[in-house]
Amino acid sequence: GLPTSGRRLAYARQLTDGSHPTVARVAVNRIWAHHFGKGIVATPSDFGLNSDRPSHPSLLDWLADDFVHSGWRMKRLHKMMVMSHTYRQSSLQTPQADAVDHDNRLLSRMNLRRLEAEEIRDAILAVSGLLNHRSSGPSVPIATHPDGRVVIGKSILNNGGLFDHIDDAGDEQYRRSMFISAQRIAPLTMLATFDAPAMLPNCDIRTVSTVAPQSLWFLNDESSIEASRATVRELSQSELGASAEPSTEFAPAQLKNLWRRIYSVEPTAEELASCTAFVADQSRFLAEAKEAPESAALVSLCQALLSTNRFLYVE
């Protein structure tokens with residue numbers, strides 16, 4: 001290899017030998033912010049004189065010291081945080097807590113946290129049964145559609161060097177979001193819509209927005225509709241057997257199973273009645289559709305359930 005002075009290696013070792021006062025604090029603070037929505041120090045890239053004061057300085061020091069002495073084991077640190085009483089609190093606000101901790105800086109309750117862009121996409125694929133768990137090989141290609149959307153696929157040019165079409169990526173398009181090619185100037189539209197990090201040049205804190213294009217994505221995007229159809233198809237096949245044809249007739253049990261699949265809880269009587277009324281209304285509306293109206297209504301219900309705060313937020 002090329003000759004080296006060894007200075008960078010020496011510096012890296014000095015940073016991680018436990019003697020540096022800041023490195024472990026910064027690392028712990030970023031992991032804490034990932035789980036709790038805000039770091040113990042609210043400015044993760046600034047621990048200097050102009051940074052925010054830590055909300056729990058003794059806790060930050062204890063976690064940093066434990067992190068170093070446990071061999072910098074991040075998995076252990078993650079486990080400690082998510083199994084803590086603080087993490088497992090409800091996000092429900094109470095007058096008593098608001099009186100002394102209105103901004104929740106002292107963590108009197110859990111912060112309500114929306115899933116990150118990659119988590120939303122992966123969760124939808126997991127619910128639909130489409131998720132491809134493969135973790136090796138090249139990244140999933142992306143291409144810019146003529147309408148301006150950045151989608152998964154490979155852009156194909158014609159003999160004149162102009163855009164011709166986008167090649168389907170097959171099962172690769174269902175891989176987890178972390179394996180999708182990332183381009184700073186052209187991020188995948190779905191991820192950008194749900195606040196994927198803007199790497200200009202890096203991202204220390206993710207923004208969280210609630211804007212109309214997010215709801216419109218669930219209503220109109222091809223991948224959202226495909227995932228909803230796959231979810232209904234998966235439910236029909238699991239109820240009738242792997243070798244049976246998907247059911248095109250609505251059955252009340254399908255609503256319970258769909259609710260359970262998306263939210264991992266049983267629906268209440270009121271929630272089930274609301275879903276039943278929705279499917280009945282949609283079936284009448286879709287009576288002229290080419291596909292069975294009952295099946296199309298279930299797909300529409302699936303889209304609606306996936307777009308709710310109950311699916312998108314961690315309480």
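Heavy-atom basis, side chains included; hydrogens, waters and symmetry copies ignored. Only a predicted model underlies this, so the values are computations on that prediction, with no experimental measurement involved.
Of all heavy-atom pairs spanning H145 and I166, the tightest one is CA-CD1, 3.9 Å. Smallest separation of non-hydrogen atoms from I152 and A169: CG2-CB, 3.9 Å. In terms of heavy atoms, I142 sits closest to S181 at CD1-O, 3.6 Å. The two residues V140 and E172 come nearest to each other via the heavy atoms CG2-O, 3.4 Å. Considering every non-hydrogen atom in both Q282 and A297, the closest pair reads CB-CB, 3.6 Å.
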Exercise for the section: Determine, step by step, whether L298 and C302 satisfy the side-chain contact (heavy atoms from CB on, under 4.5 Å) criterion, reporting the C-alpha distance in whole Å, the side-chain angles of both residues, the deciding distance to 0.1 Å, and the verdict. Expected result: CA-CA 6 Å; L298 284 174; C302 184; over 6 Å; no
Problem - R121 vs S177, side chain to side chain donor-acceptor pair (under 3.5 Å): CA-CA, chis, key distance, verdict - result: CA-CA 7 Å; R121 179 179 174 275; S177 301; 3.1 Å; yes
Exercise for the section: Run the numbers on E271 and T268 for side chain to side chain donor-acceptor pair (under 3.5 Å), then give the verdict. Expected result: CA-CA 5 Å; E271 290 166 341; T268 64; 3.3 Å; yes
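Although no hydrogens or angles enter the test, the distance criterion places a donor-acceptor pair under 3.5 Å between the side chain of S228 and the main chain of S224. Listed for the D52 side chain is no donor-acceptor partner under 3.5 Å among the backbone atoms of T43. Judged by distance alone, the side chain of H69 and the main-chain N or O of D65 form a donor-acceptor pair under 3.5 Å. Without hydrogens or angle criteria, D168 side chain to G170 main chain gives a donor-acceptor distance under 3.5 Å. Proximity of a side-chain donor or acceptor of T16 to a complementary backbone N or O of A12 within less than 3.5 Å is detected. A distance-only check finds no donor-acceptor pair linking the side chain of S128 to the backbone of A230 [under 3.5 Å]. Formation of a donor-acceptor pair under 3.5 Å by the R260 side chain with backbone atoms of L255 is not found in this model.
One finds a salt bridge joining D66 and R76 here, because a Lys/Arg side-chain nitrogen approaches an Asp/Glu carboxylate oxygen to under 4.0 Å. Classification of E119 and R113 as a salt-bridged pair holds, one side-chain N sitting under 4.0 Å from a carboxylate O. Electrostatic pairing of D195 and R114 counts as a salt bridge here, judged by a charged N lying under 4.0 Å from a carboxylate O. Residues E118 and R175 are not paired through a salt bridge, judged by the lack of any N-O separation under 4.0 Å between the basic side chain and the carboxylate. Note on E266 versus K256: no salt bridge recorded, every NZ/NE/NH1/NH2 to OD/OE distance being 4.0 Å or above.
For H78, the ring-ring contact (aromatic ring centres under 6.0 Å, His included) criterion is met by H35, not counting sequence neighbours. With sequence neighbours excluded, the residues forming a ring-ring contact (aromatic ring centres under 6.0 Å, His included) with W72 are F67, listed by chain and number.
In the model, T193 has no side-chain atom that pairs as donor or acceptor with a side-chain atom of Q214 under 3.5 Å. For the residue pair R149/T189, the side-chain donor-acceptor check at 3.5 Å is not satisfied. Under 3.5 Å, the side chains of T308 and Y263 contain a donor-acceptor pair of N or O atoms. For the residue pair Y174/E226, the side-chain donor-acceptor check at 3.5 Å is satisfied.
Aromatic ring pairs are classed by plane angle as parallel below 30°, tilted from 30° to 60° and perpendicular above 60°; the pair F36 and W32 is parallel.
Counting heavy-atom neighbours within 6.0 Å of I185 CD1, excluding the residue itself, gives a total of 12 or less.
Under the 4.5 Å side-chain heavy-atom criterion for ILVMFWY residues, no single connected hydrophobic cluster contains both V299 and L130. Under a hydrophobic-cluster definition in which Ile, Leu, Val, Met, Phe, Trp and Tyr are linked whenever side-chain heavy atoms come within less than 4.5 Å, directly or via other members, L107 and W62 are assigned to the same cluster. At a threshold of 4.5 Å between side-chain heavy atoms, the hydrophobic network of Ile, Leu, Val, Met, Phe, Trp and Tyr places V151 and I225 in two separate groups. A continuous path of ILVMFWY side-chain contacts below 4.5 Å connects L112 to V265, so both sit in one hydrophobic cluster. M178 is not connected to L125 by any chain of hydrophobic side-chain contacts under 4.5 Å among Ile, Leu, Val, Met, Phe, Trp and Tyr, and they are in different clusters.
Atom CZ of R53 and atom OG of S51 lie 7.0 Å apart (nearest 0.5 Å).
For an aromatic pair to be called close, the ring centres must be under 6.0 Å apart, and F194 with F218 satisfies this.
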